[in-house]
Undergrad: 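Before anything else, here's the structure in question.
We count residues from 1, following the sequence as given. Each ligand, and each atom within it, is numbered from 1 in the order the structure gives.
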Amino acid sequence: MTMEPLRPILFHPHIPSIEYIEQTLLPDIYEVRTARTIPDLAEAIKRLGIRGAPALGCAGGCGVALSALITKADSLPEFLDQVGSDADLLRKTRPTAVNLFYGIDHVLTAIMSSQTIEEAKSRAVDAAEEVIDADRRTCHAIGKTGLEVIPDGARILTHCNAGALACAEWGTALGVIRSAHEAGKNISVYACETRPLLQGARLTTWELLRDGIDVTLITDSMAAVLMRKGAIDVVIVGADRIVSDAVFNKIGTYMHAVCAQTHTIPFYVAAPLSTFDEESCEDMVIIEERDPQEVRKVRGCVTGPDNVPVWNPAFDATPVHLISGIITEYGIFTLPRDIETIKQLKKGKDMQRH
Ligand SMILES: CSC[C@H]1O[C@H](OP(=O)(O)O)[C@H](O)[C@@H]1O
């Protein structure tokens, strides 16, 4: 039975509003919520109601378009000023996933050369819908590219959630897994729970069970022994920002990459070109540090003393030498070997855009 495509964020310009699946409540509660203001949207992003790098790009782009549609202004300069400050509010939500800034800037760029407010509104809507449509196409292309690294019978380890819930649909790492399943490959997945917010336990298992894909939930600390036992053939994860010398992804990714290298297991990252920040390097990237309470309590259940100091980085950096390949919509690349190719592809896309 083919399930309806899972689309965690929908833009309704005629209302106007942004509809999204509230991911903090999954897997036990499936609730669709609506953001009609920029502060509401910003809060949804901060609490990870809306989450995942490509989905943040969609939320950022749609957020700027929503601002354009609801902003009341007597002049174009006043209008652009208001939309610009709403865009800044969205920029401040989460610092690491580069897609958020790509989505925001893509729509802002589209409206900057407008001659009237009405023209700016129309361009904003078109540009936001372009971000979502492009991500849908890109995720399916990533899935197709990734088929070559998933042999029939593959036992795959993944971390966090790089699925449809993290994108416009289909997913990146889970997009490759979905494409392999759809191609009839007999695959099985080990999903790491991904402390502290449990995106793997709550979201990846939910997505794969929904699609009838063989999935086993493990704790993050169990991954190494599965690799040592020879029970994992390939590791595939998503990304939040890819720079010249490292890949930023959910905390725990680096640990899996080191273990995979120790056990000579291929370690792949799946991500769209929009996740590359190719002019930057690891030391230039801000890693989001989140509320210590996220580690001391899980969904209200106490897991640590209320007064214990906590360190809670949301991401870590995996040096590119630990990564077998980066699966994109344009092919599989390795860094630093392919950095110039990535730069040319990005330039080409930018030229297409303007
Ligand atoms: C398809 S990219 C998903 C990427 O984003 C997640 O972070 P978060 O749940 O904090 O938004 C995680 O790093 C995933 O790999």
Side-chain angles (χ1 to χ4, degrees), residues 6-9 20-24 26 44-60 93-103 132 134-136 138-143 146 157-178 191-204 206-207 220 235-242 246-257 267-277 285-291 294-295 312-318 323 326-329:
L6 188 55
R7 292 175 170 169
I9 180 168
Y20 62 94
I21 300 170
E22 176 55 49
Q23 297 188 33
T24 58
L26 286 171
I45 293 171
K46 281 183 205 166
R47 70 166 177 271
L48 277 71
I50 298 171
R51 50 150 297 280
L56 293 184
C58 295
T93 53
R94 299 187 74 191
T96 307
V98 69
N99 309 63
L100 173 66
F101 309 105
Y102 161 74
I132 288 190
D135 191 59
R136 287 177 184 156
T138 298
C139 284
H140 286 277
I142 290 170
L157 184 101
T158 192
H159 188 67
C160 197
N161 173 259
L165 289 171
C167 300
E169 70 175 40
W170 203 246
T172 54
L174 295 199
V176 174
I177 287 168
R178 279 195 170 93
C192 295
E193 65 173 355
T194 315
R195 284 271 297 154
L197 294 179
L198 306 176
Q199 289 93 324
R202 296 187 299 109
L203 308 177
T204 291
W206 180 79
E207 281 199 42
D220 302 332
V235 181
I236 185 161
V237 297
D240 292 85
R241 187 184 294 240
I242 303 171
V247 170
F248 289 82
N249 196 51
K250 184 54 54 200
I251 188 74
T253 302
Y254 172 59
M255 169 182 71
H256 294 319
F267 185 95
Y268 285 96
V269 172
L273 213 57
S274 56
T275 303
F276 283 80
D277 176 13
V285 177
I286 298 170
I287 290 185
E288 177 186 7
E289 290 201 25
R290 295 186 58 85
D291 183 349
E294 291 178 352
V295 180
N312 184 19
F315 304 101
D316 59 25
T318 298
I323 296 168
I326 303 171
I327 302 165
T328 76
E329 64 273 34

Undergrad: Has Asp135 got a side-chain atom pairing as donor or acceptor with Cys167's backbone, closer than 3.5 angstrom?
TA: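 Not at all, since once roles are kept as given, no pair shorter than 3.5 Å links the two residues.
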Undergrad: Report yes if the side chains of Arg94 and Arg290 come closer than 4.5 Å at any heavy-atom pair, otherwise no.
TA: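 Yes, side chains in contact.
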Undergrad: Tell me: protein heavy atom nearest atom 1 (C) of ligand 1, and distance?
TA: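 Among all protein heavy atoms, the one nearest atom 1 (C) of ligand 1 is Thr172 OG1, 3.2 Å.
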Undergrad: Taking N or O atoms only and a 3.5 Å limit, does Asn161 qualify as a polar contact for ligand 1?
TA: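 No, since none of the N or O atoms of Asn161 sits under 3.5 Å from an N or O of ligand 1.
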Undergrad: Does the residue Ala239 have a heavy-atom contact with ligand 1, meaning some pair of atoms that are separated by less than 4.0 Å?
TA: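 Flag set, Ala239 near ligand 1.
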Undergrad: What protein heavy atom sits nearest atom 9 (O) of ligand 1, and how far off is it?
TA: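 For atom 9 (O) of ligand 1, the nearest protein heavy atom is Arg51 NE, 2.7 Å.
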Undergrad: In this structure, does ligand 1 have an atom that sits under 4.0 Å from one of the heavy atoms of Phe315?
TA: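 Yes, Phe315 has a heavy atom closer than 4.0 Å to ligand 1.
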Undergrad: Closer than 3.5 angstrom, by distance alone: can the side chain of Trp170 be matched with the main-chain N or O of His140 as a donor-acceptor pair?
TA: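 Not confirmed, Trp170 side chain does not pair with His140 backbone.
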Undergrad: Atoms of ligand 1 less than 4.0 Å from Ala53 heavy atoms?
TA: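 Listed by number with element: 2 (S), 3 (C), 5 (O).
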Undergrad: Under 4.0 Å from any heavy atom of Gln199, which atoms of ligand 1 are there?
TA: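 With Gln199 as reference, the close atoms of ligand 1 come out as 8 (P), 9 (O), 10 (O).
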Undergrad: Report yes or no: does Val237 have a heavy atom closer than 4.0 Å to ligand 1?
TA: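 The answer is no, since Val237 has no heavy atom less than 4.0 Å from ligand 1.
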Undergrad: If you measure from each heavy atom of Cys160 to ligand 1, is any distance below 4.0 Å?
TA: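 Judged by the 4.0 Å heavy-atom criterion, Cys160 does count as contacting ligand 1.
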Undergrad: Applying salt bridge (charged side-chain N to carboxylate O under 4.0 Å, His left out), run through Arg178 and Glu207 and close with a yes or a no.
TA: CA-CA 10 Å; Arg178 279 195 170 93; Glu207 281 199 42; 2.6 Å; yes
Undergrad: What's the shortest heavy-atom distance between Asp316 and Tyr254, and which atoms?
TA: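 Heavy-atom minimum between the residues: OD2-N, 3.2 Å.
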Undergrad: Polar contacts were defined as any N/O atom of the residue lying under 3.5 Å from an N/O atom of the ligand; does this apply to Lys250 and ligand 1?
TA: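 Lys250 vs ligand 1: N/O contact under 3.5 Å present.
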Undergrad: With a 4.0 Å cut-off on N to O distance, would you call Glu193 and Arg195 a salt bridge?
TA: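 Answer for the salt bridge query: no.
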Undergrad: Give a yes/no on ligand 1: does Arg94 have at least one heavy atom closer than 4.0 angstrom to it?
TA: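 The answer is yes, since Arg94 has a heavy atom less than 4.0 Å from ligand 1.
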Undergrad: Under 4.0 Å from a heavy atom of Ala166: which atoms of ligand 1 are those, numbered in the order shown and with their elements?
TA: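 Listed by number with element: 1 (C), 3 (C).
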Undergrad: Spell out, as yes or no, whether a donor-acceptor pair under 3.5 Å connects the side chain of Asn161 to the backbone of Gln199.
TA: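 Flag not set: sc Asn161 to bb Gln199 has no pair under 3.5 Å.
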Undergrad: Would you find a donor on one side and an acceptor on the other, under 3.5 Å apart, between the side chain of Thr138 and the backbone of Ala134?
TA: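 A pair under 3.5 Å: yes.
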Undergrad: Could you pull out all residues at least two apart from Ile286 that satisfy side-chain contact (heavy atoms from CB on, under 4.5 Å)?
TA: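 Partners of Ile286 by the side-chain contact (heavy atoms from CB on, under 4.5 Å) criterion, ordered by chain and then number, come out as Pro95.
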Undergrad: At less than 4.0 angstrom from any non-hydrogen atom of Leu48, what atoms of ligand 1 do you find?
TA: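 The atoms of ligand 1 under 4.0 Å from a heavy atom of Leu48 are 9 (O), 10 (O).
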Undergrad: Counting only nitrogen or oxygen atoms and a 3.5 angstrom limit, does Asn249 reach ligand 1?
TA: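 Asn249 vs ligand 1: N/O contact under 3.5 Å present.
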Undergrad: What residues, two or more places apart in sequence or in another chain, satisfy salt bridge (Lys or Arg N to Asp or Glu O under 4.0 Å) together with Asp277?
TA: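 Listed in chain order: Arg241.
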Undergrad: Hey, is ligand 1 close enough to Gly52 that some N/O pair sits below 3.5 Å?
TA: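 Gly52 vs ligand 1: N/O contact under 3.5 Å present.
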Undergrad: I need the nearest protein heavy-atom contact for atom 4 (C) of ligand 1: residue, atom name and distance, please.
TA: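 Among all protein heavy atoms, the one nearest atom 4 (C) of ligand 1 is Asp240 OD1, 3.5 Å.
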